There are 2 protein chains.
Amino acid sequence: MGDEALSAGAVARRLGVAVTTLRTWHQRYGLGPSQHLPGHHRRYTPADLARLEIMRKLTSDGVTPAEAARWARQVPVPGPAGEPPTVVANRVRPGGERDGGGQTIPVGRAGPAARGLARAAMRLDSVAIGETIGQTLATDGVVATWEGLLRPVLAGIGERHAATAGLIEVEHLLSRCVSEAFATVARAGSATGPARLLLSCADEEQHTLPLEALAAALAEAGVAYRMLGARVPAAALVEAVNRTGPAAVVIWSHTLATADPAQLTALLASPRRPLLVLAAGPGWRADSLPAGVVRPVDLAEAVSLALAVRDSLDQSVEG
Amino acid sequence: MGDEALSAGAVARRLGVAVTTLRTWHQRYGLGPSQHLPGHHRRYTPADLARLEIMRKLTSDGVTPAEAARWARQVPVPGPAGEPPTVVANRVRPGGERDGGGQTIPVGRAGPAARGLARAAMRLDSVAIGETIGQTLATDGVVATWEGLLRPVLAGIGERHAATAGLIEVEHLLSRCVSEAFATVARAGSATGPARLLLSCADEEQHTLPLEALAAALAEAGVAYRMLGARVPAAALVEAVNRTGPAAVVIWSHTLATADPAQLTALLASPRRPLLVLAAGPGWRADSLPAGVVRPVDLAEAVSLALAVRDSLDQSVEG
DNA sequence: TACGAGTTGCGTCGATTTCTGCGTCGATTT
DNA sequence: AAATCGACGCAGAAATCGACGCAACTCGTA
């Protein structure tokens with residue numbers, strides 16, 4: 001293991017701050033070299049440097065230095081190895097099974113449960129739908145249920161709907177059942193501590209289900225949040241952010257039409273700028289997002305990001 | 001990181017009130033930091049925060065702020081021993097019980113629970129909202145909760161929203177919580193027998209909450225139903241009716257714009273014409289309804305009509 | 001039904017406190 | 001000799017303070 005010990009000046013130059021500031025950070029926030037004898041020169045290990053990097057990043061994102069320091073101090077310094085992406089087990093069917101043509105919903109290779117759910121939906125059988133969802137939810141959890149069961153079926157219906165202009169009732173009924181199932185999970189979960197997360201749809205955005213999935217997943221993990229719902233005008237969102245000062249905000253946009261980057265910009269410019277802004281959903285174009293906005297690909301990624309924020313803020317006090 | 005001293009802004013954000021309100025509470029009710037030098041910044045200890053939490057909880061329960069403050073001031077806050085409890089002059093109110101004012105939602109004479117719910121909503125406090133609704137739902141049932149608690153508060157918000165063009169976030173958050181609560185009831189109820197009832201919004205109609213209330217009330221009464229949800233085109237509705245052959249159909253319309261009588265006519269002309277068609281909601285004009293359509297005034301009336309249908313079918317089938 | 005009195009949350013304004021990065025100085029380490 | 005250390009202080013920015021006032025609600029009364 002490379003045993004490099006950086007001097008104060010080197011670290012300062014690397015971070016872009018003055019040497020004295022490093023000293024101040026050490027005294028004021030306890031952000032210094034892991035071991036240091038008073039009067040002697042400071043020697044920063046790579047781990048110490050990583051901590052400082054976090055500090056730098058957060059402060060340049062607009063976080064209060066005191067708070068950023070609290071975070072940097074508590075985050076277990078991430079090892080050099082990159083985090084393995086959370087892989088959602090995608091149950092592949094063993095045989096190249098072919099399943100019904102006829103009046104069904106294309107669910108792709110999403111497993112038998114999905115096909116069953118699709119059938120129940122076609123029958124408008126809300127009881128069977130509710131049972132299937134509840135079962136899977138209890139067994140596999142929210143994230144897996146969403147990715148492996150609900151999303152495929154919903155996507156399949158949407159596809160068919162676009163092609164044949166029918167199936168609207170099916171889509172409505174299923175949506176409603178999914179919504180109910182998520183709501184049940186959300187209400188069952190016991191939130192711990194104040195809500196530091198705000199979930200909202202973009203302006204004019206109607207689709208709430210993915211956000212509800214996120215909410216349910218968070219509730220399942222014991223994370224408190226506030227959910228605003230569909231069609232939230234930018235002004236209202238900013239207003240809510242200013243009132244509640246969330247650490248992170250998730251904005252969902254389903255289509256390009258509702259993905260106005262101005263909403264994000266307004267958020268970033270708000271007085272109580274949230275620590276993290278997540279632009280979720282297929283509507284957002286990666287190249288049009290303002291700097292400082294993160295774009296999760298997955299429900300799983302969104303959840304883990306939210307969890308990270310929660311964990312790091314857990315013991316800290318706002319400043 | 002042992003002693004947390006929360007700043008005014010942090011506390012305000014945590015409680016969901018404005019910073020100025022905290023100051024007002026301090027001056028008016030003596031609810032401030034235990035020790036505070038005039039001119040200096042306020043530093044709230046955990047004990048102080050606990051006192052404010054009591055204040056928050058009481059006001060969300062509908063208690064007059066002045067009285068809530070009196071309680072909060074007297075409750076022995078379990079704090080670090082050694083310091084004598086701050087005794088504040090107990091300003092007794094000369095007049096009798098009064099309430100109202102400030103940035104609140106007009107609920108009229110709808111009871112303290114409604115006022116508490118309104119306050120919780122203004123604070124975007126979804127936990128308190130959920131608790132209040134759940135409590136009332138369990139105690140009074142769906143119908144009473146809707147008429148006596150939810151509808152007044154929602155109407156108040158809507159009114160205010162129309163007047164000031166604000167409060168959208170509040171409306172969204174509350175709607176979401178109500179929706180969740182109803183969903184929980186709907187899923188808890190055990191349906192008996194096949195669903196002979198179809199609930200649907202009119203075409204283009206966005207408001208689902210009243211229908212959800214009806215659904216929850218039906219579930220509470222053990223009636224099975226199918227719920228299609230918002231924005232159901234007439235063709236899709238007819239399709240659903242033909243597929244499932246319900247005995248009764250409820251169509252909700254909130255505004256005149258979505259209350260096209262043609263939808264009802266189409267229903268009555270469908271091959272599997274339902275026994276009963278209910279046009280619910282303030283959108284429908286009594287004089288424009290085709291013959292054979294019933295228009296319930298109330299949630300209660302809609303429920304009892306649905307029950308009547310269920311019962312009559314039961315006898316005819318079983319007999 | 002309309003109106004005045006009492007209550008209450010919160011926006012605004014100029015002054016003050018607090019935070020934060022960094023420069024300076026004499027002594028010490030490398 | 002160069003770099004750094006600890007202590008101290010400063011200046012700009014952000015947050016907060018106290019005072020004041022407004023708007024809107026409720027309730028009793030005319």
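We use all heavy atoms of the structure for the numbers below, so side chains are in, but hydrogens, waters and symmetry mates are not. In what follows, every chain begins at residue 1, and chains take the letters A, B, ... in the order their sequences are listed. Computed from a prediction, not measured in an experiment: that's the story for all the values here.
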* To do: Apply the test salt bridge (charged side-chain N to carboxylate O under 4.0 Å, His left out) to residues E180(B) and R176(B): give CA-CA distance (whole Å), side-chain angles for both, the deciding distance (0.1 Å), then the verdict.
  => CA-CA 6 Å; E180(B) 282 185 7; R176(B) 171 72 195 156; 3.2 Å; yes

* **Nearest-nucleotide 5' precedence on DNA chain C, E239(A) against V19(A)** => E239(A)

* To do: If the plane angle is over 60° it's perpendicular, under 30° parallel, otherwise tilted; pick one for F182(B) and W146(B).
  => tilted

Polar atom pairs between nucleotides 26-30 of chain C and protein, under 3.5 Å, N or O only, would you list them?
{"from": "dT30(C)", "atom 1": "OP1", "to": "H40(A)", "atom 2": "ND1", "distance (Å)": "3.4"}

[X] side chain near [N] phosphate (N/O to OP1/OP2, under 4.0 Å):
X	N	answer
S7(B)	dT16(D)	yes
T24(A)	dG21(C)	no
R23(B)	dG18(D)	no

* Is a donor-acceptor pair below 3.5 Å formed from side chain T64(A) to base dC19(C), judging by atom type as modelled? -> no

* Among dG21(C), dC27(D), dG9(C), which nucleotide sits nearest the side chain of W25(A)? -> dG21(C)

* Which nucleotide in dG23(C), dG6(D), dC10(C) has an atom nearest any side-chain atom of T20(B) -> dC10(C)

* Counting heavy atoms not belonging to Q206(B), are there more than 12 under 6.0 Å from its CD? -> yes

Separation of [N] [atom2] from [X] [atom1] (nearest whole Å):
X	N	atom1	atom2	answer
R28(B)	dG6(C)	CZ	C1'	11 Å
Y29(B)	dG9(C)	OH	C1'	9 Å
R123(B)	dC10(C)	CZ	P	10 Å
Q27(B)	dC10(C)	CD	C1'	12 Å
R160(B)	dC25(D)	CZ	C1'	8 Å
M122(B)	dA23(D)	CE	C1'	13 Å
L37(B)	dT16(C)	CG	P	16 Å
R13(A)	dT4(D)	CZ	P	7 Å

* To do: For H26(A), report the nucleic acid contact type (base, sugar-phosphate, nothing); a contact means any heavy atom under 4.0 Å.
  => nothing

* Please assess T136(B) against T145(B) for the test side chain to side chain donor-acceptor pair (under 3.5 Å), listing each intermediate value before the final yes or no. => CA-CA 6 Å; T136(B) 314; T145(B) 302; 5.4 Å; no

* Asked: Which is it for S60(B) and R123(B) under the side chain to side chain donor-acceptor pair (under 3.5 Å) test, yes or no, and what are the steps along the way?
  -> CA-CA 9 Å; S60(B) 4; R123(B) 284 202 318 268; 3.3 Å; yes

* **Ring center gap for H26(A) and H36(A) short of 6.0 angstrom** => yes

* Asked: Where does DNA chain C pair, written as one dot-bracket string 5' to 3', with Watson-Crick or G-U pairs under 3.5 Å, ( ) inside the strand, [ ] for crossing pairs and | for another strand?
  -> ||||||||||||||||||||||||||||||

* To do: Evaluate the side chain to side chain donor-acceptor pair (under 3.5 Å) criterion for residues E204(A) and T258(A): first the C-alpha distance (whole Å), next the side-chain angles of each, then the deciding distance (0.1 Å), finally the verdict.
  => CA-CA 6 Å; E204(A) 298 300 326; T258(A) 64; over 6 Å; no

* **Whichever of H36(A) and P38(B) has its nearest DNA chain D nucleotide further upstream toward 5'** => H36(A)

* Given S7(B), which of R43(B), R42(B), H41(B) fulfils the side-chain contact (heavy atoms from CB on, under 4.5 Å) condition? -> R43(B)

